[in-house]
2 protein chains.
Amino acid sequence: MSEQRHDLGASFAWLARAMIKGEAPILQAHDVEMWDYVVLVTLERGPASTQSELAAASGRDKTRLIPILDRLEARGLLRRTPDPADRRNRVVALTTAGRELLASCRSAIREMEAEFLVDLDPDERATFVAVLERLADAVRER
Amino acid sequence: MSEQRHDLGASFAWLARAMIKGEAPILQAHDVEMWDYVVLVTLERGPASTQSELAAASGRDKTRLIPILDRLEARGLLRRTPDPADRRNRVVALTTAGRELLASCRSAIREMEAEFLVDLDPDERATFVAVLERLADAVRER
DNA sequence: TATTGTTATACTCTATAACTATA
DNA sequence: TATAGTTATAGAGTATAACAATA
């Protein structure tokens, strides 16, 4: 009975840590912090109509989001525009430069990930990646 | 092309967060902090011959481990005994009480996990859990 | 001199609560 | 009065370096 598996939470945490380490040199080469990248990724599907919404979607809170947006906007990677309909809101959207930087980061990360999964056989790998995506999406929706 | 999957790191991180949330009420009911539990789990396979070794295995560092060990030892869940061979070292081992508390936490966590995976079909689930374990173990060994 | 366990210090990150501007 | 965005403050968590005991 000593051959028990680890808790799912522990395994997820170790793997998250490993991937963060693997992404670090890539993000550094593009001069973005991890959370900068997370925000860019979140914006990829489309502009966020409010910053609070963006905060929730990216897993930060609205106060910690501010310096990130300041930094990225200063570099011309995104734009904050007041919403004419409700001028309290600021719509956040990627610029072309932001989209390009994101694409470059992503392809490097995909390579790193492929290397990481290289020992799995193709069927296993496909199942694993698909289930992982499905479970994570379910969690994100809550 | 907008139907891209998320980065593995992001998915792992969201899932880790979700499992930590799911474990919280269980650990609270047993009056242990998350890192207390991690240390108990690490000790389950056998005593740690030094605290630094235990720190590395549990993913903390040796200084942050101290208050955890103090707490758990005070509750009689583990024991620190000086190593006669090298009296600088302190061997850390679970007590019976520690092992019992651990077993109780674990079975509750396994129920929570089963509930979390309930929508997967059995084959998928088996593959997913096995691959997850294998990948995480590979990462832990480094 | 080097290492184990420990303590102390400084630093970063995070959460909370105020503030402003709009509604 | 309530909400979006922002700023400021306090608290928790983390990393680093110093310390005592042993080798």
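Owing to the predicted nature of the structure, the values given are computational and were not obtained by experimental measurement. In what follows, chains are A, B, ... by sequence order, proteins preceding strands, each numbered from 1.
Rounded to an integer number of Å, the gap from B/Glu53 CD to C/dT3 P is 17 Å. Atom P of nucleotide D/dG5 and atom CG of A/Leu65 are separated by 9 Å, given to the nearest angstrom. Computed from coordinates, the B/Arg87 CZ to D/dA21 C1' distance equals 9 Å when rounded to whole Å. Distance, B/Arg88 CZ to C/dT1 P: 16 Å, rounded to whole Å. Taking atom CG on B/Asp83 and atom C1' on C/dT3, their separation rounds to 14 Å, with Å as the unit. At whole-Å resolution of the value, NZ in B/Lys62 and P in D/dA17 are 12 Å apart. Per the geometry, CG belonging to B/Asn89 stands 14 Å off C1' belonging to C/dT6, to the nearest Å. In this structure, the CG atom of B/Leu69 is 15 Å from the P atom of C/dT4, given to the nearest Å.
Residue A/Thr63 places no side-chain N or O under 4.0 Å from the OP1 or OP2 atom of C/dA15. Between B/Arg80 and C/dG5, a side-chain N or O to OP1/OP2 separation shorter than 4.0 Å is absent.
Listed candidates were C/dA23, C/dT6, D/dT22. Nearest to the side chain of B/Ile66 is C/dT6. Side-chain proximity of B/Arg64 to the nucleotides C/dT14, D/dA23, D/dA15 is greatest for D/dA15. Candidate nucleotides C/dG5, D/dT6, D/dA15 were compared by shortest atom distance to the side chain of B/Asp61, and D/dA15 ranks first.
Nearer the 5' end of DNA chain C, as judged by each residue's closest nucleotide, is the contact made by A/Glu33, out of A/Pro84 and A/Glu33.
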(request) For B/Glu53 and B/Ser49, run side chain to side chain donor-acceptor pair (under 3.5 Å): C-alpha distance rounded to whole Å, both residues' side-chain angles, the deciding distance at 0.1 Å, then the answer. (result) CA-CA 7 Å; B/Glu53 180 199 306; B/Ser49 54; 2.7 Å; yes
(message) As a quick check of understanding, evaluate side chain to side chain donor-acceptor pair (under 3.5 Å) for B/Ser11 and A/Arg140, giving each step before the final call.
(response) CA-CA 9 Å; B/Ser11 294; A/Arg140 273 184 265 250; 3.3 Å; yes
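Between A/Asp70 and A/Arg80 a salt bridge is recorded (basic side-chain N to carboxylate O distance below 4.0 Å). We find that A/Arg106 and A/Glu113 are not joined by a salt bridge, their nearest charged nitrogen and carboxylate oxygen being 4.0 Å or further apart.
No more than 12 heavy-atom neighbours from other residues, nucleotides or ligands sit within 6.0 angstrom of CZ on B/Arg79.
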